[in-house]
Amino acid sequence: MPGPLDGYRIVDLTSNVAGPLGTMILGDQGAEVIKVEPLDGGDPTRGSAQERGGFSTSFLNNNRSKRSIAIDLKAAAGRRALLRLCAGADVFVQNFRPGVVERLGLDEAAVRAVAPKIVYVSVSGFGEVGPYARKPVYDPIIQAYSGLATVQAGADDVRPRMLRTILPDKLTAITASQAITAALLARERTGEGQHVRLSMLEALLAFLWPSDMGDQTFVGDEPATQEKASATDLVYEVSDGWITVAVQTNAQWVALTEALDRPEWLDDPRFKTPALRQENVEARLFLTQEALRDGSSQHWLDRLTEAGVPCAPILTRNQVIRAPQVEALGAVVEIDHPTAGKLRQMRNAARFSGTPAEIRRPAPALGEHTREILAEIGYTADEIDGLRADGVIG
């Protein structure tokens, strides 16, 4: 059954994660995504670690639901082929460093000359202007510059900490997929395409602001240094592992004292109000940990759940793929790849009742669909053979 974006064609020149994951989301949702790759190895993630059958897990998990065409864009014939492909496309996405598409002759003006209504998308690290615009960027660079590393540390005078996941890359991908869909919806109303510009820095700052930039919200009232957050996170050791417990409301606080059989906490002047409980967070979390230490995870999860206290087990990656709630949602699926074998992947997160998002095809080999795609846009077999003989396509 067609997905919600069925009928839209996306020409995808992105590599690594932020761009490819964004277009993969759209591919799962039904868009036709054509991944344009260089001849000399293709997307760099093809060569990353954890490989089987010539495919890395990074490439497999960011490039399914796409076809691949390999073109030398430095060759005039290669650029002509790409522009011919763009002429029938709805979206053009690139994440080259600012200035590269201009040197290649594939800037917005060049693409719009053959596709006037196309949505042209530029994804970058720091944006197109400013002192950092042309710097090389990877995920840790944005974690550092955005303030995320100090948010993770909990205070300005504590050693900064990087997240052990590439959150800026993946968040930029999700933001890009939403922005592309919004631009296509706007085109349906206005008949006009537009240029969507997005940087990893902007995506991450927008992500941080709702919850982590409260002290910077009131102009003129910014603190000289960030107030210390709790040094204790919401990870509690129990007799057979780890659980988390998160209490927000007064009702949940009362329920927690009952579940842990600690009624005296309700009379403790340090914990009378939410503000006092936050002010005395270290003492509160320490007492909670001591109360939980001797029981098993199942004992406490059952008791806390019955009392209405938000809680969950802390799962390893091996556990989460088999967790009952994950299985109930059908969130993790298995697919067959022609050379990499059986794969386990997370399906598209959004569930559509009438136009399902699903894995349309496994990640392609480099240039796997070059001949097929060129034939679709009018190249003859002899012309395709000539391009291959000249080293323009792979």
Side-chain angles (χ1 to χ4, degrees), residues 1-14 17 19-37 43 55 57 59-69 85-93 115 117-119 121 170 173-191 193 196 320-365 368-377:
M1 183 180 295
L5 294 177
D6 180 59
Y8 290 100
R9 171 175 281 188
I10 299 172
V11 176
D12 176 15
L13 271 68
T14 66
V17 175
L21 175 57
T23 54
M24 187 190 82
I25 292 169
L26 302 176
D28 283 353
Q29 293 173 355
E32 179 193 3
V33 181
I34 298 174
K35 185 175 180 68
V36 181
E37 301 185 74
D43 188 320
F55 282 84
T57 57
F59 186 82
L60 289 166
N61 290 330
N62 291 287
N63 290 283
R64 68 181 185 226
S65 298
K66 303 178 186 181
R67 293 189 291 168
S68 170
I69 179 171
L85 180 61
C86 289
D90 300 284
V91 181
F92 177 93
V93 193
K117 296 183 179 181
I118 202 164
V119 172
V121 183
K170 293 183 285 189
I174 294 168
T175 305
S177 68
Q178 187 277 327
I180 290 169
T181 306
L184 288 172
L185 182 60
R187 193 182 70 172
E188 292 296 315
R189 294 198 312 270
T190 67
V196 177
V320 76
I321 61 175
R322 300 172 178 86
Q325 186 61 33
V326 174
E327 290 184 345
L329 291 170
V332 177
V333 298
E334 293 185 359
I335 66 170
D336 291 314
H337 191 282
T339 56
K342 188 172 286 295
L343 308 178
R344 179 185 293 110
Q345 295 187 313
M346 172 64 196
R347 58 154 171 75
N348 197 272
R351 287 170 280 140
F352 298 80
S353 63
T355 52
E358 57 191 7
I359 299 173
R360 308 282 161 176
R361 61 174 78 232
E368 178 180 344
H369 306 97
T370 300
R371 178 174 290 272
E372 175 184 305
I373 292 168
L374 291 177
E376 289 173 1
I377 59 175

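Note that the structure is predicted; figures quoted are calculated from it, not measured. For the numbers below, each heavy atom of this structure counts, side chains included, while hydrogens, waters and symmetry mates do not.
- Interatomic distance, CG of Leu343 versus CZ of Arg64, reported as 10.0 Å (0.5 Å rounding).
- Shortest non-hydrogen contact noted between Ile335 and Pro362 is CD1-CB, 4.3 Å.
- Between Phe59 and Pro364, the closest side-chain pair of non-hydrogen atoms falls below 4.5 Å.
- Looking only at side-chain heavy atoms (C-beta outward), Val93 and Ile10 come within less than 4.5 Å of each other.
- Phe352 contributes atom CZ, which lies 7.0 Å from atom CG of Leu5 (distance to the nearest 0.5 angstrom).
- Residues Val121 and Ile180 meet the side-chain proximity criterion, which asks for heavy atoms closer than 4.5 Å.
- Under the side chain to side chain contact (heavy atoms under 4.5 Å, CB included) criterion, Ile321 pairs with Arg344, sequence neighbours left out.
- Put simply, the side chain of Gln345 reaches to within 4.5 Å of the side chain of Leu60, judged on heavy atoms.
- A heavy-atom distance below 4.5 Å is found between the side chains of Arg187 and Asp90.
- Between the side chain of Gln29 and the main chain of Pro4, no donor-acceptor pair closer than 3.5 Å is present.
- The two residues Phe55 and Ala363 make their nearest non-hydrogen contact at CE2-O, 3.7 Å.
- In this structure, Thr23 and Lys35 have side chains that are not in contact, with every pair of non-hydrogen atoms separated by 4.5 Å or more.
- Atom-to-atom distance recorded for Lys66:NZ and Ile34:CD1 is 12.0 Å, nearest 0.5 angstrom.
- With sequence neighbours excluded, the residues forming a side chain to side chain donor-acceptor pair (under 3.5 Å) with Glu32 are Arg9, Arg67, listed by chain and number.
- Atom CE of Met24 sits about 5.0 Å away from atom CG of Asp28, to the nearest 0.5 Å.
- In terms of heavy atoms, Asn61 sits closest to Leu21 at O-CD1, 4.5 Å.
- Considering every non-hydrogen atom in both Gly27 and Ser65, the closest pair reads C-CB, 3.6 Å.
- Contact check for Asn348 versus Ile25: side-chain heavy atoms found under the 4.5 Å cut-off.
- To the nearest 0.5 Å, the span separating CD1 on Ile118 from CG on Leu184 amounts to 10.0 Å.
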Let's go through Arg351 and Leu329 carefully: what are the C-alpha distance in whole Å and the side-chain angles of both, what is the deciding distance for side chain to side chain contact (heavy atoms under 4.5 Å, CB included) to 0.1 Å, and is it a yes or a no? CA-CA 10 Å; Arg351 287 170 280 140; Leu329 291 170; 4.1 Å; yes
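- Looking at every heavy atom in both residues, Pro356 comes nearest to Pro2 through CD-O, 3.8 Å.
- Annotation: salt bridge (charged side-chain N to carboxylate O under 4.0 Å, His left out) contacts of Arg347 (sequence neighbours excluded): none.
- Put simply, the side chain of Val91 does not reach to within 4.5 Å of the side chain of Tyr8, judged on heavy atoms.
- Closest non-hydrogen pair, Ala350 versus Ala357, comes out as O-CB, 4.1 Å.
- The side chain to side chain contact (heavy atoms under 4.5 Å, CB included) check on Ala186 picks up Arg189, Gln194, with sequence neighbours excluded.
- For His369, the ring-ring contact (aromatic ring centres under 6.0 Å, His included) test picks out no residue, with sequence neighbours left out.
- By the side chain to side chain contact (heavy atoms under 4.5 Å, CB included) test, Thr370 is found to be paired with Ile69, Ala70, Leu374, Ile393, residues two or more places apart in sequence or in another chain being considered.
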